[in-house]
Amino acid sequence: MRALALTLALFAALTGVAFAAVPRADFADVEDEIMCDTCNVALYIAESPRADQLRGEIRDLIAQGMTKAQIKAQLKDEYGPNILAEPDSSGLGFLAYVLPVAFAAALLMLLAILLPRWRRRARVPTPADGVATATPPGSADDERRLDEELARYGA
Amino acid sequence: MKRLGPVAWIVIALSTGLLALLVYGVVNTGVDDSLDEAVKSGRRPVAPGSTVALRRLDGAGRMSLADLRGKVVVLNFWASWCDPCKGEAPLLQRAQKRLEREGGTVFGVTYKDRASASRDFAREFGYTFPSVRDDELELAPEFGTIRLPETFVLDRAGRVVAISRGEITDFRFLDHAIDEALKEPAA
């Protein structure tokens, strides 16, 4: 009998811990991740009657003891996936994550291929390349005049 | 000039494709007004989305426009959070009273609205016509509906006779449109 009471007490304590471990949703935390589906902006910055209605619904669901995940699932079930600020990572929503990365990678690769070409083309040929330089060296007279000018300014 | 290799072409093609997708997404946000143009020019276009079956607000299964074929229908998109919807609510219920006598119905479609709030709204204004919930926008885009309220009067053959984009403030609009719709026999 004592063993049974101890077991029950232990069970109660453990389940108590388990219940305490499930965090109750925080309003601001949920609001951050929901869209105002008629204004097409995040709910936390939306100002419209529909936004107010959604906020009221979230508060009611929190009052019912739902977790953030449960609330998001409930809203998604009711209003569709577009109610979530972040798209699903499955199905077509996966593209929302993949496309920007693919786009950035494609651009980087394009730059990696084209930049060296552009740089090679833009490089000014030097006498070492065996090609005449674009500006011929100044004459002895020019160099003398330049030295005089520089000397006048104390350079 | 050195020719580009296959990798470069693949990268260029990928970049172009992604850019095209981006441009398409930005450009393709216009409102479809083909129904309005057709009605304005005196034609009666077939109402789209007739087979889209949506959850009834009263919870009694699903309902579509096709279920109302053979009746004159005043299709109204509304929501409890929409103030102009409150303004026209008595006119819609008045139209329903007339249509009940003459073989037709108002068909309400709630637009992204909390079901309990929609039900309270319908109760407050004494709606006796059926409403369905378009929370995932399966029907509204078919009619080019992006603002509320919007109303479409359909004849017995399911063709659009009149359109009101915005609050109906004068019952004569509904009365006249219903008259026109009733003239047309069912197809």
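Naming convention: chains lettered A, B, ... in sequence-line order (proteins, then strands); numbering from 1 in each chain.
Clustering ILVMFWY residues whenever any of their side-chain heavy atoms sit less than 4.5 angstrom apart, transitively, puts Phe171(B) in the very cluster that holds Val153(B). Cluster membership check: Leu84(A) shares its hydrophobic cluster with Leu75(A), using side-chain heavy-atom separations under 4.5 Å among Ile, Leu, Val, Met, Phe, Trp and Tyr. Under a hydrophobic-cluster definition in which Ile, Leu, Val, Met, Phe, Trp and Tyr are linked whenever side-chain heavy atoms come within less than 4.5 Å, directly or via other members, Val72(B) and Leu174(B) are assigned to the same cluster. Cluster membership for Phe129(B) and Phe121(B), using ILVMFWY side-chain heavy atoms within less than 4.5 angstrom, is shared. Hydrophobic clustering of Ile, Leu, Val, Met, Phe, Trp and Tyr side chains at less than 4.5 Å, counting indirect connections, unites Tyr79(A) with Leu61(A).
Considering only residues two or more places apart in sequence or on other chains, Phe27(A) meets the ring-ring contact (aromatic ring centres under 6.0 Å, His included) condition with none of them.
Contacts between residues 89-110 of chain B and chain A, counted as heavy-atom pairs separated by less than 4.5 Å, involve no residue at all.
Environment of NZ in Lys72(A): crowded, with over 12 heavy atoms of neighbouring residues, nucleotides or ligands closer than 6.0 Å. Sparse packing is recorded around OH of Tyr44(A), with 12 or fewer heavy atoms of other residues, nucleotides or ligands lying under 6.0 Å away.
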- prompt: Yes or no on side chain to side chain contact (heavy atoms under 4.5 Å, CB included) for Lys112(B) and Leu54(A), after CA distance, side-chain angles and deciding distance?
  reply: CA-CA 10 Å; Lys112(B) 291 196 173 289; Leu54(A) 279 169; over 6 Å; no
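For Asp83(B), no part lies near chain A; criterion is any non-hydrogen pair under 4.5 Å. Contact of Ser116(B) with chain A is not made at all, since no heavy-atom distance falls under 4.5 Å.
Considering only heavy atoms from C-beta on, Glu136(B) comes within 4.5 Å of Pro81(A) through its side chain.
Put simply, CG on Leu107(A) and CG on Leu19(B) are 7.0 Å apart, with the number rounded to the nearest 0.5 Å. Separating the OG1 atom in Thr38(A) from the OH atom in Tyr111(B) is a distance of 7.0 Å, to the nearest 0.5 Å. In this structure, Asn82(A) CG and Leu137(B) CG are separated by 8.0 Å, a value rounded to the nearest 0.5 Å.
With chain B as partner, the option from Gln53(A), Glu78(A), Met109(A) having the largest number of non-hydrogen pairs under 4.5 angstrom is Gln53(A).
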